[in-house]
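Shown next, in structure tokens, is the structure this report addresses.
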Amino acid sequence: MLSRGFPLLSGVDLEVQRATLTVVTGPNGAGKTSLLRLLGGLDPLHSGDGVVAGVDLRDGDRRLLRRRVGWLGHEGSFYADLSVRENLVFAARALERPVGEVDGALSRVGLEHRSHTTTKQLSAGQRRRLGLAWLLVRRPELWLLDEPYASLDDAGREFFDGLLGEVLAGGATVVVSAHDPLRAANLVARTVRMVGGRVSA
Amino acid sequence: MLSRGFPLLSGVDLEVQRATLTVVTGPNGAGKTSLLRLLGGLDPLHSGDGVVAGVDLRDGDRRLLRRRVGWLGHEGSFYADLSVRENLVFAARALERPVGEVDGALSRVGLEHRSHTTTKQLSAGQRRRLGLAWLLVRRPELWLLDEPYASLDDAGREFFDGLLGEVLAGGATVVVSAHDPLRAANLVARTVRMVGGRVSA
Amino acid sequence: MMKVTQRLLGPVTLLLLALTFWMGLWVTPPDKVQGNLVRLLYVHPPIAWVALYVSFGTATIASCLYLWRRTRSDAMDRIAHCAMEISVVFIVLTLVTGSIWGRPTWGVWWAWDARLTSTAILGVFALAYLALRRANDDPTVRARRSAVFAILTAINVPIIHFSVVWWKTLHQGASVLTSTGQLNVHGSMLWTMLIGFVGFTLLFFWLLRERYRLEVSRDARVRTRVDEALATRRSEGA
Amino acid sequence: MIRVAWLVAVKDLRIEARSRVLLWQVLPFGVIALLLAGLALGPAQAGTSSAGPGLFYLVTLFVTLLMINRSQSLENAPGTRASVATLGLDPAGVFLGKALALTVELWVSGLVLLGGSVLLLHTALTGTLEALPSILVTLATLASAGTLYGALTQGGDGPATLLPVLTLPAFAPLLIAGERSFSAALHGGALWEWWVVVVVALVAYCAVGILLYGVLEES
Amino acid sequence: MIRVAWLVAVKDLRIEARSRVLLWQVLPFGVIALLLAGLALGPAQAGTSSAGPGLFYLVTLFVTLLMINRSQSLENAPGTRASVATLGLDPAGVFLGKALALTVELWVSGLVLLGGSVLLLHTALTGTLEALPSILVTLATLASAGTLYGALTQGGDGPATLLPVLTLPAFAPLLIAGERSFSAALHGGALWEWWVVVVVALVAYCAVGILLYGVLEES
Ligand code: HEM
Ligand SMILES: Nc1ncnc2c1ncn2[C@@H]1O[C@H](COP(=O)(O)OP(=O)(O)OP(=O)(O)O)[C@@H](O)[C@H]1O
Ligand SMILES: Nc1ncnc2c1ncn2[C@@H]1O[C@H](COP(=O)(O)OP(=O)(O)OP(=O)(O)O)[C@@H](O)[C@H]1O
Ligand SMILES: [Mg+2]
Ligand SMILES: [Mg+2]
């Protein structure tokens with residue numbers, strides 16, 4: 001598997017079970033973020049094969065895949081000039097979800113008192129929380145979370161762990177990249193270790 | 001203390017001893033990042049008083065302060081179109097340090113094999129490591145580190161802990177904001193907890 | 001059959017071009033008004049024809065084929081790229097031969113004439129295409145974007161054409177075949193022109209083939225470099 | 001498609017209303033550029049209204065480029081792209097929405113610049129009003145072409161400075177057509193030919209955008 | 001100061017050499033804008049060389065604005081500002097370095113545009129060569145003024161958004177002076193008065209920059 005004219009990933013042979021939590025670990029630069037982007041159909045696959053949620057990564061319509069994916073990245077920011085609430089309303093409208101869900105999501109992640117702040121004024125952790133709220137509105141089938149703990153405070157991490165359990169119980173699949181071991185260790189079905197663009201264990 | 005027309009911090013009463021490690025914790029949005037920026041002279045102080053390294057934050061020449069400060073922020077990126085090495089050489093030249101130190105710093109943070117990669121192509125953790133290398137070249141008196149563990153892998157965190165000890169032994173002062181407890185707990189002289197823009201303990 | 005055509009392409013091109021030059025310089029008579037300058041007639045129009053229609057046409061068709069899922073292949077992307085590069089060369093040649101012709105006939109090297117301007121604009125399009133390719137590293141992104149750009153360019157060709165048609169023009173109109181369908185040039189001149197058109201068109205395809213081969217071998221070299229990079233990548237952190 | 005277009009257009013216009021980039025940054029540039037253009041050409045030529053249409057479109061071109069840049073950079077904030085990509089918005093709708101928002105913004109700036117050229121370059125008022133429909137259509141065409149070209153230059157490593165190179169050859173015929181029909185309105189002359197050029201271009205760009213915007217977004 | 005200036009200038013030029021924004025993006029834009037300007041004015045006026053200097057400076061203005069933007073956006077990537085701020089670079093040196101790099105870039109584009117206007121607008125070659133020194137000085141002045149105003153317009157959260165409006169009025173006298181001395185070189189006429197204007201402006205902007213750039217950076 002290649003990407004961006006540079007061999008980001010090669011020798012990745014991975015199968016993820018539906019409705020399980022897979023954790024990807026590995027040293028910096030191992031290719032975790034790249035793998036997650038690939039799984040979400042955010043980057044193209046240049047060689048090798050992959051099928052995610054029934055969509056072929058190489059020849060299939062990756063847009064179909066992306067509609068079913070939720071992504072929380074290192075830089076989880078949205079339209080910087082819209083307020084927290086406006087961003088979520090945009091997502092809800094785009095997905096034809098009732099706009100009423102937005103306020104529920106906001107208070108679940110603890111941003112209700114910041115709902116009229118423009119996104120660019122948020123602190124790092126608040127931005128992560130907004131990312132989680134966005135996912136709550138999205139309710140995707142495949143959750144791809146890149147270092148979800150980063151910048152979150154204790155309460156945020158606890159909330160996140162609770163959310164994970166809920167999501168898995170709801171039948172969605174979760175792939176998380178992490179440097180810290182997840183605290184909700186009992187939920188983890190499989191841990192994959194990457195090194196130098198390969199899955200090593 | 002005010003900042004950016006919004007009361008970011010108020011009721012912060014803090015004294016930091018020279019050559020000690022202070023950890024600032026607190027929930028998301030508490031004002032940790034804002035406090036660190038203020039200490040480094042990166043943001044102006046609008047009311048209240050503060051003296052850092054002998055420089056008055058309100059009336060003094062903050063540039064004098066900044067020269068003595070090392071900063072590692074949430075988004076520790078540099079000139080995106082320069083390579084890793086060129087960025088460090090720029091810093092070394094600017095500070096009239098021997099350029100030879102650059103390669104030492106690069107190999108200490110484990111980026112020697114990425115020294116000709118442009119900065120924008122680095123992974124999140126590699127970018128953090130570049131930030132550390134930049135600080136190694138800088139050797140500041142006051143280290144301000146915003147969530148230093150974020151995105152670093154295990155080896156990186158270990159290296160960071162070692163670095164902390166070295167820095168403190170060298171007589172520099174370190175202020176760290178963190179959500180995880182630092183592993184090198186024996187080095188921590190004081191933990192400050194912030195809530196809602198105030199120091200609570 | 002294919003092989004024979006392939007092998008013959010180069011020699012036939014050379015033969016036809018040599019024939020054009022020989023007939024153009026020695027067989028055909030000088031013009032009453034233009035004198036020997038008229039001999040540019042055997043070079044300039046065919047080159048312009050290749051620059052505008054043959055090469056842009058090839059690039060556009062190849063781009064469409066690339067974008068259509070069923071015929072998508074790297075080959076199409078490469079053909080479009082090579083055709084556009086050759087088009088730059090031919091557009092420059094058009095401008096040069098035209099300017100050389102224009103200096104004695106119109107008294108200036110360049111004029112704000114509709115045809116000249118639109119030729120220049122097309123040249124800029126071709127250059128912009130190459131710039132766009134340079135600006136993208138990822139092969140897929142590059143191929144898609146440049147294919148869309150080539151198609152946008154194709155839209156512009158008729159627009160440019162029409163936007164200048166109503167403009168009074170210095171440049172020669174359709175002078176070889178008049179609207180009554182009557183031939184108004186000397187017989188040997190017509191033959192020379194015809195051979196010229198065929199010769200320069202074949203020259204285009206010959207260049208295209210050679211350029212394409214070069215590109216393929218360069219891609220192969222890139223691939224070996226990628227393999228090397230892959231090896232170092234795999235040894236990373238091991 | 002229409003629903004998505006509306007959603008995207010409202011979002012873009014709301015961001016514009018919030019950040020006031022058009023109002024405070026682009027428009028003043030445009031007006032002053034008009035003033036300078038008048039000065040650069042010297043009082044003799046600027047006074048004659050013949051230079052008006054040309055200068056109007058030259059400045060409009062510059063304003064358009066700035067606005068396209070802005071319109072695309074909204075989508076390119078770090079992280080925004082990935083998050084929005086997972087919404088799986090219909091690309092044809094996104095194209096139409098962005099083109100619509102850009103059209104509205106260009107109309108606003110076009111009206112201001114027309115006012116400027118009437119006041120500063122002494123372009124005749126009645127002729128200007130007559131030319132208004134053709135100007136609005138030309139601006140809409142510029143907006144839809146610009147949205148397409150903007151998507152072509154988006155994301156890449158180089159900043160969107162590549163945009164001018166790609167757009168200018170395509171804008172050239174539009175600008176000429178616009179300028180000619182503006183001149184024709186001012187001084188009398190055949191109008192419909194230029195209309196045909198602009199309307200054909202508008203339809204063609206919209207068609208290509210609806211069909212191919214997805215291919216660009218994909219990358 | 002000189003050391004820092006050199007360091008900054010080399011860094012900016014290296015980034016330019018790496019990203020080729022000038023070569024592939026701004027310059028073609030300039031050339032095409034020149035072509036379009038010729039078209040917008042119509043063959044009748046573009047052919048007369050009198051429009052040459054005005055158009056040259058108008059296009060130069062656009063190119064300058066693009067380059068200033070680029071020059072400042074280098075410093076404004078997320079995180080870059082804070083990291084570089086802690087280097088405590090001498091602001092006078094930063095100003096000189098950035099102005100120097102911008103001058104070099106503007107000279108390159110100026111030469112290309114002059115070539116373009118000789119070829120496309122039939123500006124007389126000998127007159128153009130005569131005007132060259134005055135053009136180079138004017139471009140240097142634009143670069144130093146641009147660096148100053150660029151710093152003013154950055155970090156545009158607050159009321160600073162209004163400041164870009166100031167750029168163009170400041171450029172106006174420079175452009176007029178440059179255009180007049182270019183015209184004078186082409187058609188004969190008094191040159192030295194315009195020289196005085198431009199040189200005084202250059203010295204003034206450099207002085208202000210050296211003294212006050214620190215104040216701007218601070219904010
Ligand atoms: C820089 C200057 C010139 C340029 C860019 C130029 C460009 C072109 C182009 C693009 C065509 C192809 C048109 C088509 O096939 O639709 C063409 C054809 C032609 N050009 Fe030029 N030209 C230039 C100068 C001249 C001059 C000075 C003459 C003669 C006085 C000339 C005579 C012709 C003729 C006879 C044709 C063939 C037209 C036909 O039969 O349809 N050109 N030129
Ligand atoms: N365009 C590119 N050119 C060259 N190398 C690249 C490019 N893009 C990414 N890389 C490299 O690919 C590798 C994998 O990056 P990726 O972001 O996937 O790592 P990661 O496992 O997420 O690391 P981290 O733990 O630091 O987040 C890195 O070494 C990075 O430098
Ligand atoms: N310009 C502004 N306008 C309004 N509010 C702002 C502005 N800038 C920052 N804030 C608010 O100030 C608060 C403190 O932000 P800061 O980044 O210092 O928090 P933090 O303690 O670092 O949080 P985290 O743990 O999430 O990084 C946040 O609530 C943020 O929304
Ligand atoms: Mg990563
Ligand atoms: Mg913070």
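A note on names: the letters A, B, ... follow the listed sequences, proteins ahead of strands, and every chain is numbered from 1.
Chain D forms the most heavy-atom pairs under 4.5 Å with one residue out of C/Val124, C/Ile155, C/Thr153, and that residue is C/Ile155. Residue with the most contacts toward chain D among C/Leu67, C/Ile151, C/Leu152, C/Leu122: C/Leu152 (heavy-atom pairs, distance under 4.5 Å).
The minimum heavy-atom distance linking C/Ala83 with C/Leu208 is given by the pair N-CD1, 3.6 Å.
The ring-ring contact (aromatic ring centres under 6.0 Å, His included) analysis of residues 53-79 of chain C, with sequence neighbours excluded, yields the pairs C/Trp49-C/Tyr53.
Of the residues listed (C/Arg144, C/Arg142, C/Arg133), the one engaging C/Asp77 in a side chain to side chain donor-acceptor pair (under 3.5 Å) is C/Arg133, and it is the only one.
Neither the backbone nor the side chain of D/Val200 comes within less than 4.5 Å of any heavy atom of chain C.
Looking at residues two or more places apart in sequence or on another chain, you find no ring pair (Phe, Tyr, Trp, His ring centres under 6.0 Å) involving C/Phe205.
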